[in-house]
Amino acid sequence: MARGELMKKLLASYGRDEEFRAVAEQIITEEEQKNNKVLARSLRKTLDNSARSATPKALAPLIPFPDAANDFIERIEPEHTKNDIVLTNTNLRIFAGLIREFRRAEDIRRHGLPVRSKLLFCGPPGCGKTLCAEVFSRELGLPLFIVKLDRLISSYLGETATNIRKIFEFARKQPCVLFFDEFDALARSRDDVNEHSELRRVVNSILIFIDRIRPKGFLVAATNLDHSLDPAIWRRFDEIIWFGKPDRLMVEKYLRVKFKNVEVAFDPVAQAVLLEGFSYAEIERVCLSAIKTAVLERRRQVREADFRLAVRDEIRRRSGSARLSPML
Ligand SMILES: Nc1ncnc2c1ncn2[C@@H]1O[C@H](COP(=O)(O)OP(=O)(O)OP(=O)(O)O)[C@@H](O)[C@H]1O
Ligand SMILES: [Mg+2]
């Protein structure tokens, strides 16, 4: 497109963030195609930095929140940034792709192509599903709303179907990341729906709802279950993202992040060998406990002994016994 036309489009999109981004991306792509790599890189950096510094509110104005939903839906202000999360290269690539697609949504739709917007996060506890929803919403510049499905399903029989409709109506209008935590609750309920017709209606309306909705942002569901999840639920998502326990390299990466600003008298990365099979949440507890020991003993540096003691405590906690690993 001619430069003048792009400039006009850019100015016309002022205040409409999605459109603005799409035009800005178009300008950058044109510069890349013209081989103006330095300019393109610098423009992209400016664009990304401005998105990072803007508050979600500035990017996505909030519509009134449905009153009835207050008990099971909550707005979360993201506290963590992408520097706080360790992701595999595959997941980094997937998220970069999703963000790019979201920013170029109009362009993609104009070509008659679908934009991925319904994601399922799977994996064991403490491996970053909730944290990632938070960081993802921040990167997108969208507000994050967490729906506690467990509570929604169990406590509001009678009014639940109406409430669900309200949530989805909200998500249809409000650009946001709508995060369904404990999505397993839905799968569990499907197992015993035969006994309870109201429950069956609730579960079905959530599934129909997910099927039909074209969110303005993203619908993200998180579950601890693996492939045993009902196929009817499985196929409703555009993308399935796995959050596994970290392997040795990922543990090392995580330890580097955790001890970046901490004074140490040992090499934390060399301790990765002790943490095989631990979740990120468990490793985090070990790191914090070791650092706390040094603080309590008024030492400036964390020692290897502090770390090893913390690992021992974590193993004790996991196994429910005082038995110690021979390695420690
Ligand atoms: N990939 C990760 N990178 C960095 N820190 C992580 C990661 N995963 C988990 N953590 C740490 O563990 C804590 C708990 O993680 P999170 O709540 O995201 O787990 P989850 O996968 O949602 O677990 P659950 O299935 O129990 O809900 C985080 O607040 C963070 O401190
Ligand atoms: Mg979680």
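Start at 1 and go down the list; that is how both ligands and their atoms are numbered.
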Worksheet item: Which residues and atoms, counting only protein N, O or S, are under 2.8 Å from the Mg ion (ligand 2)?
Response: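 N, O, S partners closer than 2.8 Å: Thr130 OG1.
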Discussion item. Please report the interatomic distance SG(Cys122) to CH2(Trp234), rounded to the nearest 0.5 Å.
Written reply: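 Output value for this atom pair is 4.0 Å.
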Worksheet, complete the sentence: Checking heavy atoms under 4.0 Å, the part of Ala281 that sits near ligand 1 is both
Practice prompt. Using a 4.0 Å heavy-atom threshold (strictly under), name the region of Asn224 that reaches ligand 1: side chain, backbone, both or neither.
Written response: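 Asn224 to ligand 1: side-chain contact only, backbone stays beyond 4.0 Å.
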Does [X], backbone or side chain, put an N or O under 3.5 Å from an N or O of ligand 1?
{"X": "Thr130", "result": "yes"}
{"X": "Leu131", "result": "yes"}
{"X": "His80", "result": "no"}

Worksheet item: Above 12 or not: heavy atoms from other molecules or residues under 6.0 Å from CD of Glu276?
Response: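 Counting other residues, nucleotides and ligands, CD of Glu276 stays at 12 neighbours or fewer.
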Determine, considering heavy atoms only, which of [options] sits nearest to [atom].
{"atom": "atom 19 (O) of ligand 1", "options": "Pro124, Gly126, Gly123, Pro246", "answer": "Gly126"}
{"atom": "atom 5 (N) of ligand 1", "options": "Tyr254, Phe243, Phe183, Phe121", "answer": "Tyr254"}
{"atom": "atom 16 (P) of ligand 1", "options": "Ala222, Cys122, Pro125, Gly128", "answer": "Gly128"}

Practice prompt. Show your reasoning for whether side chain to side chain contact (heavy atoms under 4.5 Å, CB included) applies to Val302 and Thr293.
Written response: CA-CA 8 Å; Val302 182; Thr293 304; over 6 Å; no
